[in-house]
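Below, chains carry the letters A, B, ... as their sequence lines are ordered, and counting in each starts from 1.
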Amino acid sequence: MKSEPDVHSFEHHLSLPDATDSWNGVRNYQARNYMRDGMKCGDRVIFYHSNTEPPHAAGVAEIVREAYPDHTAWDPESEYHDPRSTPEKPSWLMVDVRALRALPMPVSLATMKGNPLLEDMPLVRRGNRLSVFPISEVHYLEILRMGGLEDF
DNA sequence: GCCAACGTTGGC
DNA sequence: GCCAACGTTGGC
């Protein structure tokens, strides 16, 4: 899962009560479908910081609530407001995410691109703009190893 | 700041 | 249903 640290950093997420927050504001159908179909309670997540120098994997999180309606879509005051979404027929979904551990050594995108084990991961491929997408267990474990959390 | 990638919108 | 125009993302 990708987030701009200026907007919502991993450290901020860790500081919240129960280190848990809803992952609202996803307004892309493919990303929504990945949350709806691919995220179960207990699933582990790599928390990635985009639009920062350097872009990097920052920490590990887990899903603590499966997909449910994103109420920011029907809040006219919200920057994520989408008038097509209603409580009766929500267009957008969110999940709840608990931050678990910061990576002792954040793993930069450049480092990931240099690791042959990660060459098939969507994150290192050109033009990937999805904020939520699945990665394999091999990729997940390799990022943890590179980040100094191999025993976690 | 540039620009490639790619999703969305809307006229036809 | 096509596709040009436009907007957004995000690395560089």
Side-chain angles (χ1 to χ4, degrees), chain A residues 1-16 21-39 43-63 66-149:
Chain A
M1 301 182 101
K2 295 197 283 195
S3 176
E4 299 188 24
D6 291 348
V7 178
H8 184 93
S9 71
F10 186 78
E11 292 71 25
H12 169 69
H13 203 117
L14 260 183
S15 75
L16 297 171
D21 202 4
S22 61
W23 202 271
N24 58 41
V26 172
R27 295 293 178 266
N28 172 284
Y29 289 107
Q30 198 176 351
R32 180 202 66 184
N33 294 346
Y34 282 140
M35 291 199 293
R36 181 188 63 200
D37 304 329
M39 290 184 149
D43 283 355
R44 289 286 184 88
V45 171
I46 300 288
F47 197 121
Y48 175 80
H49 282 162
S50 64
N51 247 323
T52 189
E53 183 52 41
H56 60 277
V60 182
E62 69 176 349
I63 303 301
E66 293 170 14
Y68 62 104
D70 181 346
H71 57 77
T72 65
W74 59 71
D75 174 5
E77 302 300 310
S78 170
E79 60 177 313
Y80 301 121
H81 180 230
D82 180 353
R84 292 168 300 187
S85 183
T86 64
E88 292 73 30
K89 205 161 184 283
S91 303
W92 301 111
L93 303 172
M94 57 190 182
V95 295
D96 286 357
V97 175
R98 174 187 289 140
L100 297 175
R101 297 279 189 88
L103 292 175
M105 297 176 288
V107 184
S108 73
L109 180 61
T111 308
M112 289 190 265
K113 284 184 169 175
N115 185 334
L117 275 179
L118 302 178
E119 67 184 4
D120 294 332
M121 185 171 66
L123 187 65
V124 301
R125 291 209 303 261
R126 243 159 77 100
N128 169 52
R129 300 184 311 157
L130 277 184
S131 60
V132 179
F133 56 89
I135 64 173
S136 72
E137 183 169 13
V138 168
H139 297 153
Y140 168 81
L141 291 171
E142 181 63 7
I143 291 169
L144 259 62
R145 189 195 65 74
M146 294 169 85
L149 271 187

**Asked** Reckon A:Arg32 touches a base, only the sugar-phosphate, or nothing at all at heavy-atom distances under 4.0 Å?
**Response** nothing
**Message:** So does A:Val97 get a backbone contact from the side chain of A:His13, meaning a donor-acceptor N/O pair under 3.5 Å?
**Reply:** yes
**Prompt:** Which residues pass the ring pair (Phe, Tyr, Trp, His ring centres under 6.0 Å) test with A:Phe10, sequence neighbours left out?
**Reply:** A:Phe47
**Request:** Identify which one of A:Tyr80, A:Tyr68, A:Tyr29 satisfies the ring-ring contact (aromatic ring centres under 6.0 Å, His included) criterion when paired with A:Trp92.
**Result:** A:Tyr29
**Test item: A:Thr86 and A:Trp74 side chains (from C-beta on) under 4.5 Å apart, heavy atoms** = no
**nucleotides 3-10 of chain C: protein proximity per nucleotide (B base, S sugar-phosphate only, - neither; heavy atom, under 4.0 Å)** = ----BBBB
Mind listing the side-chain donor-acceptor pairs of residues 102-119 of chain A below 3.5 Å, one per line with the distance, residues two or more places apart or on another chain?
| unit_1 | atom_1 | unit_2 | atom_2 | d |
| --- | --- | --- | --- | --- |
| A:Ser108 | OG | A:Thr111 | N | 3.1 |
| A:Ser108 | OG | A:Thr111 | OG1 | 2.6 |
| A:Asn115 | OD1 | A:Leu117 | N | 2.8 |
| A:Asn115 | ND2 | A:Glu142 | OE2 | 2.7 |

